[in-house]
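The structure under discussion appears below in the form of structure tokens.
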Amino acid sequence: MRHGAPAVEFRSVSKRYGAVTAVDSVSLTIERGTLVTLLGPSGCGKTTILRLIAGLEQASEGHILIDDRNVTMLSAAERDVSMVFQSYALFPHMTVLENVCYGLRASGMRKSHAIDLAQAKLAMVGLGGYGARLPSELSGGQQQRVAVARAIVLEPKVLLFDEPLSNLDAKLRRQVREDIRELQHRLALTAVYVTHDQQEALAISDRIVVMSMARIAQDGTPRALYERPDNHFVANFIGDANILPVVVESRQGELASVRLSSVVLTLPHHNVADGPADLSIRPQALVLSRERGQLTGHVARAAYLGSHMEYWISLDVIGNQLFAIASDVTAPFAVGDSIWVTFAPSGLALLPQGRSD
Amino acid sequence: MDGRGKERAEIASALPRFLLGWLAVGFAGLVLLPWYGLDEGVSPPALLAGRPWLLPLIPPLLLALSCSFGRTKPRVLVAAGVAGLVWLAAQAFLIIHRGWAFVWITTLLGPGPSQPALGWGAIAYAVACLMLLAYGLARLGVCKGDVFVVGALLLVVGLIALFVFYPVLCILASAVRDNDGSFAPTLFFEKLLSRSVWGLDCVFGGRSCGVAWNTVAEAALVGVLTTFLGLAFALVALRTRMPMKPLLRALSVLPIITPPFVIGLALILLFGRAGMVTVWVANLFDLPRSRWIYGMPGITIAQVLAFTPISLLVLLGVLQGVAPSLEEASQTLRASRWYTFRTVTWPLIRPGLANSFLIGFIESMADFANPLVIGGNFNVLSTDIFFAVVGASHDQGRAAVLAIVLLSFTLAAFVAQRFWLGHRSYATVAGKGHIGIPAQLPGFVRATCYAVIVPCLILIVAVYCTILVGGFVVSIGRDNTPTLQYFWTAFSIEKGVGGWFLSGSAWNSFLVTIEVALVAMPFTAALGLLTAWLLDRQQFAFRRSFEFLAMMSFAIPGTIIGVAYVLAFNVPPVSLTGTGTIIAIAFAFRNMPVGIRAGLANLSQIDRSLDEASLTLGSNSFGTLRRVILPMLRPAVITAMVYSFVRAMTAVSAVIFLVTGRYNLATTYIVGRADVGDYGVAIVYSAVLVVFMMLVLLLIQLAVGERRIGRRVEVPRIESPGTALVQT
């Protein structure tokens, strides 16, 4: 095993089903020991990419390398990857222990040895005494952990997760998410994780690959994606964003001065050219107050969510309504109140003009 | 990591072992196994046979061997496999037992060499070449690079080609030849367009129509009647409060355990010239006794009784697929029951009715035994084919021409059913359970249903009583003194010199039937389930065509298969007639669709992610099939085995051409007895068959019904008997 080579590499991989292109010339590398999330709306091709890595689909074009070895033409059984399925896919006619042993036995390991390894992994996921049960006798969360144990017992080069949390209730989801992350760190696993939940992606990932329409929309750390989205799609998909038309008036070094109506803001320009552009504004970057600020408006709608308030603000100078979040729940604004809006620089990002989604 | 890494490496290096293994089989076929003949087994291997045209079979294997070391070259393997198969087939078809296979070669080259039929060596060689081809194709990325899948696919396709297509092609070939075997296209057209086939004399003159029109009219009539009756039964079962469950169960089992001619036989005993009812009515009203039952009326009644249960099963599914919520919605919109039935229920079930009609149509066309027993002078294609082969005229060409006509009818109906109806079914089974109560029938629809099904039920009861009782009285209707005479003739056991022995005349055929049915059973199930698995779980080019071909043997009437097998396997290169093997093969390919349907129904309940999980855990597709799919497929395995066995026990049409003195079957024996008027033995034997198969089904039900997979609560339900027979 060579060091330094990425665990998974896609070289212009395409996957077509008849006239439909599910994955369109995607190139991608996944570094060893990292957890990379494929994030996107349904139908964007993220699950297809996962299945291409697993060998459950065959690429129409391009090359797939796992650990620097070309596996494009190899079947799933011949690739050193394992997968945790959305439905867990535990074999209903086998006990928990038999399920975990399955992969070891399939590759010809002696039974006693396989059982030892499987028991150890079951203990690792906290199911030490459950080996003799059938999957149907476990709760959803326990089944999920069996599926994880079954996958990691093979010590695969890449561990794949296909929306592993979507069958769990909201409370359990956060717990299991942390468990998966902790396990991945402890065993230094390379993991690829598919989800459509951006919160989940932000919380768990070393890197996020945002997919849209069979292509990669942007690829980076959670912070980079949130703070410096490259396009409208990413700005909207990772967290909420208000998009307003602006004009880039001048650039100096990393910074640009940007005019929004009567307000001039100084922002990193992210290589956006002079002239008309768009500004992505996070909801919490809109600071609302009764004191004088940058632009005037009034509250069109307001909702109380316990920990915070959500407002829709109509600006007086620009037609758009803006979505804002305020942490002050003790003295909220009422619908119809006139207010001042101020832009906090931390939640602003300049985008090239035009909608890319 | 290292331990596992090493194991993985061994797995990887084990793959060329697959190649080496099959190469060994191929060479064994050439140098160890007898190349010619299946039974005798004394012929020398190919390379010692002194026949130079067998030598070119070696280079493909050597070529494959040379690239099995180091880097395998897939294209070379494909070429080697194809070359081996092509040469094997070419030499076998060119040089047959009487020299050159074609006259023009003889005139060109003079009398050539001759060779007998292929044997075990050739089989081993052919399979080996097929596997080389599979390995090469898999390495080229076919079927996601899965050797097992490609191999299984090629094997199934090869078997279907050899045992379904090749025989049917033989029919086509024999249709354009005269009795001496020379090419005679004009004779073909003469026979094809003959007045005896297409004449319309019954419309204009007083004489009988052509056999093609007879058959179409009969089949259409039966299709309409079975659909109508089936719908009446289904509506009463699902839309009235009449308790029908036990009755439905009985009705769904009957067509499976009843040999097809039994109903015709019973009808003769009831309504024939000397039949019970005829005599009774004649005495009561002083009417002359007539032979009205022989001919179209008799065939129609027999087939309607025989095939209505199948139509019922189709329509039960269709009616259950209509969501009650739709009908409830209609009623809340202030529609009356009749208006709801007419505007909602009826349009939704219409495609199902068409489907049921086509199934009845195909079944009627394919039915051979009822027309034979009760047809009188009314000729249909299936019996005409039979008489063309075994009758005095012995005109194989005419049999082939009639077979082509019959085949085009059934295939047209089959194609219509699959393509035209395929897109028109509204009845969908959604994941969500539909809540609601199905609408009750409007009054006069219900009355009509009752009026239709009650006489039908009375007739069915009468038929089965006749069968069960008729063999145990001297002459049913005329002399009702109980007797065991017929039973004893057929099934006596006597003590002779060497101890007890089975002296009854039926024992031989009964035991042979069970033996052949048992032999065919595992092959039918394996072939059907493997095909179902390939269809349901694998993606490959031409999947739809493969499905069509695999299911098509359903639409090939048994009579045609029988004639085709006689034509194809009577002479080298593949010679099988006169053996039990050919009967078992005929059963396996005739009943394969049952296995396919049982498998598909069961596989659709098994989540695909289970296969994928197994694959990503490093088990290859064969391991996945064996250790994950098969254990969960157990209900389908049992269904396929049981129906394969039972259908083999009751089959007549295909095997009537294939039986010999040594391998006679129960059904053909009974038909023979009935043909010479020996009704006592025929009926008693039929009763024994019906009861025997009922016991088999009951035993299986008892043995399997209680079985659970582990402690799992949800088990894929054993299908209710008969559903596997129904294609939807």
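Remember, predicted model here, so these are calculated numbers, not experimental data. A, B, ... follow the sequence lines: proteins, then strands. Residue 1 opens every chain.
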Proximal component of A:Leu90, with respect to chain B [non-hydrogen, under 4.5 Å]: backbone
Contact origin within A:Arg105 toward chain B - heavy atom pairs under 4.5 Å: both
Inter-chain contacts: residues 52-62 of chain A against chain B, heavy atoms under 4.5 Å: A:Ala54, A:Gly55, A:Leu56, A:Glu57, A:Gln58
Over all atoms of both residues, closest heavy-atom pair of A:Ala106 and B:Leu617: CB-O, 4.5 Å
Separation of A:Met83 CE from B:Glu612 CD (nearest 0.5 Å): 6.5 Å
Identify every side-chain donor-acceptor pair in residues 38-47 of chain A under 3.5 Å, counting partners at least two apart or on other chains, and give the distances.
unit_1  : atom_1 : unit_2  : atom_2 : d
A:Lys46 : NZ     : A:Gly40 : O      : 3.2
A:Lys46 : NZ     : A:Pro41 : O      : 3.4

B:Thr616 side, atom OG1; A:Phe85 side, atom CZ - distance, nearest 0.5 Å: 4.5 Å
Atom CZ of B:Arg543 with >12 non-hydrogen neighbours under 6.0 angstrom: yes
Interatomic distance, B:Ser614 atom OG to A:Asn99 atom CG [nearest 0.5 angstrom]: 10.0 Å
Atom pair CZ/CD of B:Arg627 and A:Glu98 - distance to nearest 0.5 Å: 10.0 Å
B:Arg544, CZ: over 12 other non-hydrogen atoms inside 6.0 angstrom: no
Between B:Leu615, B:Leu610, B:Asp607, the one whose heavy-atom pairs under 4.5 Å with chain A are most numerous: B:Leu610
Winner by heavy-atom pair count (cut-off under 4.5 Å) against chain B, out of A:Met94, A:Arg51, A:Gln86: A:Arg51
Heavy atoms from other residues, nucleotides or ligands near OH of A:Tyr17 exceed 12 (cutoff 6.0 Å): yes
Residue pairs fulfilling side-chain hydrogen bond (donor to acceptor under 3.5 Å, both in side chains) with at least one residue in residues 116-125 of chain A, sequence neighbours excluded: none
Toward chain B, the part of A:Ser87 with a non-hydrogen atom under 4.5 Å: side chain
Verdict with reasoning, A:His93 to B:Val628, per side chain to side chain contact (heavy atoms under 4.5 Å, CB included): CA-CA 8 Å; A:His93 57 299; B:Val628 176; 4.3 Å; yes
Listed partners of A:Tyr102 passing ring-ring contact (aromatic ring centres under 6.0 Å, His included), at least two apart: A:Phe91
